[in-house]
Amino acid sequence: GALLTATSCALAKIEEVRDKYEWPRLADAAQWVTAAEPALGWSDGTFLEVMQTNAIESAERALADDTTLVEALKERAGTSASGWTGTSTELLVWLDSRPERDARWPNRANTLSGKLNRIAPDLRKVGINVERFEQGSDSITFIRLTRVPRSIARTARTAREGDDQ
């Protein structure tokens with residue numbers, strides 16, 4: 001009975017929640033569970049908050065061996081909207097000048113570039129966006145590091161707080 005009640009609630013509220021939040025991966029499943037929250041006894045946005053928290057914790061575990069590198073990248077990204085832009089060689093030179101340099105950090109620009117490619121999804125979850133683009137006639141690849149908000153959980157909380165007013 002509880003499963004049918006939750007399904008009925010989700011069917012009734014699915015259109016209402018579709019535009020209310022910023023959706024993560026598996027958006028369809030997240031929308032269905034979010035629409036069913038009242039029937040499950042959860043407050044609005046609870047499922048998205050838990051999902052976002054789990055994604056952040058998973059990313060932090062994946063980056064656990066690179067915590068000093070991640071902290072250095074956060075510093076390099078700064079707090080301005082424009083962040084930092086440069087080549088992987090320039091980033092490597094900056095990293096090499098760091099007093100907390102870890103022996104496990106990449107020693108070559110192409111190795112650093114490959115590492116950034118691999119960890120970029122996890123970096124985004126912990127607040128660092130890695131963007132690549134080519135510029136100039138030589139097609140030099142640039143990297144832009146910017147800080148990003150943890151938007152899904154914040155969006156869910158903001159929507160719930162707006163409902164209370």
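Start at 1 with the first residue, then count along the sequence. What you see is a predicted model; the values in this text were computed from it and never measured. Values below: every heavy atom of this structure, side chains too, minus hydrogens, waters and symmetry copies.
Just one residue in the list Val130, Leu63, Leu91 forms a side chain to side chain contact (heavy atoms under 4.5 Å, CB included) with Leu73, and that residue is Leu91.
The pair Lys115-Asp66 counts as a salt bridge, with a side-chain nitrogen and a carboxylate oxygen less than 4.0 angstrom apart. We find that Glu37 and Lys13 are not joined by a salt bridge, their nearest charged nitrogen and carboxylate oxygen being 4.0 Å or further apart.
A donor-acceptor pair is defined here as one N or O able to donate and one able to accept, closer than 3.5 Å; such a pair exists between the side chain of Glu90 and the backbone of Thr87. No donor-acceptor distance shorter than 3.5 angstrom exists from the side chain of Glu60 to the backbone of Val126, with no hydrogens or angles considered. When atom types are taken as modelled, the side chain of Thr46 and the backbone of Trp42 share no donor-acceptor pair closer than 3.5 angstrom. Between the Arg98 side chain and the Trp94 main chain, no donor and acceptor come within less than 3.5 Å of each other.
In the hydrophobic cluster analysis, where Ile, Leu, Val, Met, Phe, Trp and Tyr join through side-chain heavy atoms closer than 4.5 angstrom, Leu40 is grouped together with Phe47. Connection of Leu116 to Val70 is established within a shared hydrophobic cluster, with ILVMFWY side chains joined at heavy-atom distances below 4.5 Å, either directly or through further cluster members. In this structure, Leu11 is a member of the same hydrophobic cluster as Ile14, with clusters built from ILVMFWY side-chain heavy atoms closer than 4.5 Å.
Side-chain contact between Phe142 and Glu134: absent, with no pair of heavy atoms (C-beta onward) separated by less than 4.5 Å. Taking the side chain as every heavy atom from C-beta outward, Trp105 and Leu92 never approach each other to under 4.5 Å. Between Thr89 and Leu112, the closest side-chain pair of non-hydrogen atoms is not below 4.5 Å. Taking 4.5 Å as the limit, every side-chain heavy atom of Leu123 sits out of range of all side-chain heavy atoms of Asn129.
Contact between Glu100 and Ala72 at its shortest, heavy atoms only, is OE2-CB, 4.1 Å. When all heavy atoms of Trp32 and Ala10 are compared, the closest pair comes out as CE3-CB, 3.2 Å. Between Thr85 and Phe133, the closest heavy-atom pair is CG2-CZ, 3.6 Å. Taking both residues in full, the closest heavy atoms of Met51 and Ala30 are given as SD-CB, 4.1 Å, listed atom of the first, atom of the second, then distance. Closest approach of Ile128 and Val148 over heavy atoms only: N-CG2, 3.9 Å. When all heavy atoms of Lys74 and Arg147 are compared, the closest pair comes out as O-NH1, 3.4 Å.
Side-chain N/O atoms of Trp84 and Thr146 include no donor and acceptor closer than 3.5 Å. With no hydrogens or angles considered, no side-chain donor-acceptor pair links Arg132 and Thr141 at under 3.5 Å. Looking at Thr5 and Ser8, their side chains never bring a donor and an acceptor atom within 3.5 Å of each other.
Residue Asp96 places its CG atom among more than 12 non-hydrogen atoms of other residues, nucleotides or ligands, all under 6.0 Å distant.
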Would you check, one step at a time, whether the test salt bridge (charged side-chain N to carboxylate O under 4.0 Å, His left out) holds for Asp44 with Lys20?
CA-CA 10 Å; Asp44 286 349; Lys20 191 172 184 179; 3.4 Å; yes
Applying side chain to side chain contact (heavy atoms under 4.5 Å, CB included) to Asp65 and Arg104, what does each step give before you reach the verdict?
CA-CA 9 Å; Asp65 290 340; Arg104 294 175 291 182; 4.1 Å; yes
